[in-house]
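Report on the following structure.
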Amino acid sequence: MSWKFLRDLLSGVNKYSTGIGRMWVAVVFILRLLVYVVAAENIWKYEHDEFECNIKQPGCENVCFDHFFPVSHIRLWALQLIMVSTPSLLVVFHVAYRENREKHHNQKLYKNPGEIDGGLLYTYLISLILKTGFEIVFLVLFYKLYNGFQVPRLVKCDIRPCPSTVDCYISKPTEKMIFLRFLVATSCLCIVLNLSEMSYLVFKYFIKCYWKRHVKKCQ
């Protein structure tokens with residue numbers, strides 16, 4: 001899979017972000033995207049081929065694998081990366097709308113089209129809410145699908161066409177569990193950064209409103 005589009009998107013968003021937002025971009029790009037491409041993708045590459053059960057009953061191994069791994073960790077992680085990054089497109093589109101509006105009217109309508117104020121502030125906050133929501137949804141999804149953030153060494157399967165309870169072994173469980181917990185830790189870090197940025201922007205907005213009222217009263 002090519003991650004060029006996601007990389008370009010994160011680079012574009014970085015121009016319009018606050019300091020906390022740039023930290024979020026760095027975490028997503030370095031601690032998540034690069035780790036996924038360089039290391040994690042290879043660990044789960046042959047997970048189905050390396051899943052072994054102590055019986056050669058036709059179909060048993062496939063059914064057991066599908067039961068315990070309904071969705072691949074790595075594919076779910078890839079989907080999570082895409083979903084938490086795409087809300088940033090709202091900010092890019094809003095800035096592009098401002099720039100096109102200035103060209104259409106052939107005059108300067110904004111001090112800086114990329115400055116987070118007015119309508120762009122609301123768009124930015126919506127993108128942060130969506131990113132935080134997606135992070136939480138995927139963490140819950142990981143927890144529900146895999147019964148916690150664990151990768152067991154041995155799973156017992158008694159689903160047809162298995163004739164009895166079968167022992168199935170997962171390859172590289174320790175390594176997979178380390179990456180799974182790393183995934184959870186970086187997701188939690190991104191949630192904290194998103195909430196911090198939301199708090200900062202809301203606080204800054206109220207201070208600005210208060211200062212304007214104060215200046216009007218003084219006048």
Separation of [Y] [atom2] from [X] [atom1] (nearest 0.5 Å):
| X | Y | atom1 | atom2 | value |
| --- | --- | --- | --- | --- |
| Lys131 | Leu90 | NZ | CG | 9.5 Å |
| Glu197 | Lys204 | CD | NZ | 10.5 Å |
| Ile191 | Thr186 | CD1 | OG1 | 10.0 Å |
| Leu180 | Phe142 | CG | CZ | 6.5 Å |
| Leu139 | Lys144 | CG | NZ | 13.0 Å |
| Leu141 | Gln80 | CG | CD | 9.0 Å |

Following the transitive rule for hydrophobic clusters with a side-chain heavy-atom cut-off under 4.5 Å over Ile, Leu, Val, Met, Phe, Trp and Tyr, establish whether [X] and [Y] coincide in one cluster.
| X | Y | result |
| --- | --- | --- |
| Phe206 | Leu121 | yes |
| Tyr200 | Leu125 | yes |
| Ile30 | Ile20 | yes |
| Tyr169 | Val166 | no |
| Phe134 | Ile136 | yes |

For the student: nearest non-hydrogen atoms of [X] and [Y], plus distance:
| X | Y | value |
| --- | --- | --- |
| Phe51 | Glu61 | O-OE2, 3.0 Å |
| Pro152 | Ile170 | O-CD1, 3.2 Å |
| Val28 | Ser85 | CG1-OG, 4.2 Å |

Do [X] and [Y] make a side-chain contact, defined as non-hydrogen atoms from C-beta onward lying under 4.5 Å apart?
| X | Y | value |
| --- | --- | --- |
| Met23 | Ser196 | no |
| Val184 | Tyr143 | no |
| Phe182 | Val35 | yes |
| Val137 | Met83 | no |
| Leu76 | Leu145 | yes |
| Phe138 | Leu79 | yes |
| Leu81 | Trp77 | yes |
| Lys176 | Arg181 | no |

side-chain contact (heavy atoms from CB on, under 4.5 Å) between Arg32 and Ser187: does it pass, once the steps are laid out?
-> CA-CA 9 Å; Arg32 301 180 75 172; Ser187 291; 3.3 Å; yes
Output, in order, the C-alpha distance, side-chain angles, deciding distance and verdict of side-chain contact (heavy atoms from CB on, under 4.5 Å) for Asp66 and Ile159.
-> CA-CA 11 Å; Asp66 182 67; Ile159 304 169; over 6 Å; no
Is the number of heavy atoms from other residues, nucleotides or ligands under 6.0 Å of Phe69 CZ greater than 12?
->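 Correct, the count exceeds 12.
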Report the C-alpha distance between Arg153 and Thr174 in whole Å, list the side-chain angles of each, state the deciding distance to 0.1 Å, and finish with yes or no for side-chain contact (heavy atoms from CB on, under 4.5 Å).
-> CA-CA 8 Å; Arg153 297 175 184 275; Thr174 304; 3.0 Å; yes
State which residue, out of Val84, Leu193, Val192, Asn194, fulfils the side-chain contact (heavy atoms from CB on, under 4.5 Å) condition with Thr132.
->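 Among the candidates, only Asn194 passes.
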Applying disulfide (SG to SG under 2.5 Å), run through Cys157 and Cys64 and close with a yes or a no.
-> CA-CA 6 Å; Cys157 178; Cys64 291; 2.1 Å; yes
For Cys190, disulfide bond (SG atoms under 2.5 Å apart) partners two or more places apart =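 Per chain and number, Cys190 pairs via disulfide bond (SG atoms under 2.5 Å apart) with no residue.
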For Asp167 and Asn54, indicate whether the former's side chain and the latter's backbone hold a donor-acceptor pair under 3.5 Å.
->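 Between the backbone of Asn54 and the side chain of Asp167 there is no qualifying donor-acceptor contact (under 3.5 Å).
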Separation of SG atoms, Cys53 and Cys60, below 2.5 Å =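 A disulfide is absent here, as the SG pair of Cys53 and Cys60 is separated by 2.5 Å or more.
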